[in-house]
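The structure appears below as structure tokens.
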Amino acid sequence: MATGIDEFDLIRSCFARLSSGEPGALDLRDDAAWLRPEAGMELVVSADAIVAGVHFPDTIDPADIARRALRVNLSDIAAKGARPRAYTLSLVLPQTVGLDWVEAFAASLGDEQREFGVTLLGGDTTGTPGPLTININIFGEISENSMITRSGASAGEDVYVSGSIGDAMLGLAVLKGDLTVENGDDRAFLERRFLRPDPRVTTGPALVGVASAAADVSDGLVADLGHICSASNLAARVDLEAVPLSETARGTVTDDQPLRINLLTGGDDYEIVFTAPVSARDSIELISSETDVAISRIGIMTEKTSGAPEVVVLDGSGNPVEVGVGGFRHFEEENAR
Ligand code: ADP
Ligand code: MG
């Protein structure tokens, strides 16, 4: 944070108003906040930090960073079937960040709060010689004992995914200058899918009692379905042709089969991958139309076979395609953004 900015002034001028409506936030004037779930409900808690140069290019503006920071967290809560309620915010700011930046960041958070019905509970603000880092802890609510875990899948169940897969990966490539997309509308669509994920905040809660297991797609469809497989002690088969691509993504990858497969491992989709028994097919169609989010059946859960990968992707002729390890992994130099 630039020298001369007082942390407490900053909290008063930018953040205190974002806490109104949550009595336990105590106007951001105490050491801690309290949060009481409604009767019969329990809290679902998650945290996601985003780091400049790792999770987003350091050229993107504060309003977009704020959206992304909150939405990646909303996505975790949605994937568990919970409704988001409140969050804390830890800001780790380099010298280059001044008051204008923080004001724009906080204004954008205010818009997001109104859209998603969440309130700021508290946080921390500190400077760093390192990169800009934003950590959000989010608190959602759900009826007791109904959080959708990763471990509830059974063999023979269907695998589904919401929305479309791969747009964000293409959008990031466009933002980084690694991919050229001629059409301006297509370019804007892809960039927007990276910068402003659409956390499935109504679809997720509608899946409670219907989905047997779920995960949010942040590391890539193959990796996140792999998490469900590991937790459920199963494997999965995915039909490449059934994986939903937006019209723009389809037009962009055309016949480039390797690029098309990469969309399944690219990550940053913030969709929900989930499993459900065959008997739930009609309910899932209804949830899709009622929440106005596409839901595609993309495969099936199977027993594990030793030596085979957890997630097998089959092409149109039923042959397995090479998808690599799958998913964005940290601590691998070549993945640094
Ligand atoms: P501590 O001294 O324990 O670090 P602070 O004095 O930093 O606590 O925080 C004072 C109050 O301001 C607390 O209520 C804290 O939750 C709030 N706060 C600090 N930074 C932020 C932030 N970035 N967003 C929201 N609340 C914040
Ligand atoms: Mg502090």
Side-chain angles (χ1 to χ4, degrees), residues 1-38 43-78 82-141 195-197 199 201 270:
M1 166 168 55
T3 39
I5 301 182
D6 179 80
E7 180 189 334
F8 298 103
D9 289 347
L10 202 69
I11 292 160
R12 297 269 67 77
S13 67
C14 294
F15 293 115
R17 68 198 152 77
L18 299 180
S19 73
S20 74
E22 192 59 71
L26 304 172
D27 206 21
L28 306 186
R29 286 179 191 274
D30 213 312
D31 297 306
W34 54 264
L35 185 63
R36 182 186 304 138
E38 301 290 319
L43 294 175
V44 173
V45 183
S46 181
D48 243 320
I50 64 172
V51 181
V54 178
H55 300 94
F56 58 92
D58 37 19
T59 48
I60 75 176
D61 70 45
D64 282 327
I65 295 171
R67 279 187 203 103
R68 215 181 136 66
L70 192 57
R71 289 177 183 218
V72 301
N73 279 279
L74 289 164
S75 176
D76 278 312
I77 293 296
R83 295 185 189 282
R85 170 159 165 198
Y87 66 102
T88 63
L89 170 71
S90 293
L91 278 177
V92 184
L93 304 174
Q95 275 283 336
T96 49
V97 163
L99 189 57
D100 289 356
W101 190 98
V102 181
E103 281 170 349
F105 179 87
S108 172
L109 272 184
D111 294 340
E112 294 295 293
Q113 288 194 187
R114 275 185 290 282
E115 178 164 353
F116 293 104
V118 289
T119 308
L120 182 61
L121 261 188
D124 195 25
T125 307
T126 174
T128 179
L132 172 68
T133 301
I134 297 153
N135 180 54
I136 286 182
N137 287 275
I138 192 158
F139 303 86
E141 283 189 341
L195 294 172
R196 300 185 194 190
V201 291
Y270 301 104

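We count ligands from 1, going down the list as the structure has it; atoms in each ligand are counted the same way.
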Atoms of ligand 1 close to D30 [distance to a heavy atom under 4.0 angstrom, numbered from 1]: 11 (C), 13 (C), 14 (O)

message: Distance under 4.0 Å to a non-hydrogen atom of F8: what atoms of ligand 1 satisfy this?
response: 6 (O)

message: With a 4.5 Å cut-off on side-chain heavy atoms, are F105 and L93 touching?
response: no

message: I'd like to check whether D31 has a polar contact with ligand 1, where a contact means an N/O of the residue lying under 3.5 Å from an N/O of the ligand.
response: no

task: Verify, without hydrogens or angle tests, whether S90 (side chain) and T88 (backbone) share a donor-acceptor contact under 3.5 angstrom.
output: no

message: Does any part of the side chain of V102, heavy atoms only, come nearer than 4.5 Å to the side chain of T125, both counted from C-beta?
response: no

query: Between G123 and ligand 1, is there a nitrogen or oxygen pair with a distance under 3.5 Å?
result: yes

field: I11: numbered ligand 1 atoms lying under 4.0 Å from its heavy atoms
entry: 12 (O), 18 (N), 19 (C), 20 (N)

query: Does the distance from a Lys or Arg side-chain N to an Asp or Glu carboxylate O, for E115 and R71, drop under 4.0 Å?
result: yes

message: Which residue is it: V51, V92, I50? I am looking for the one with a side-chain contact (heavy atoms from CB on, under 4.5 Å) to I134.
response: I50

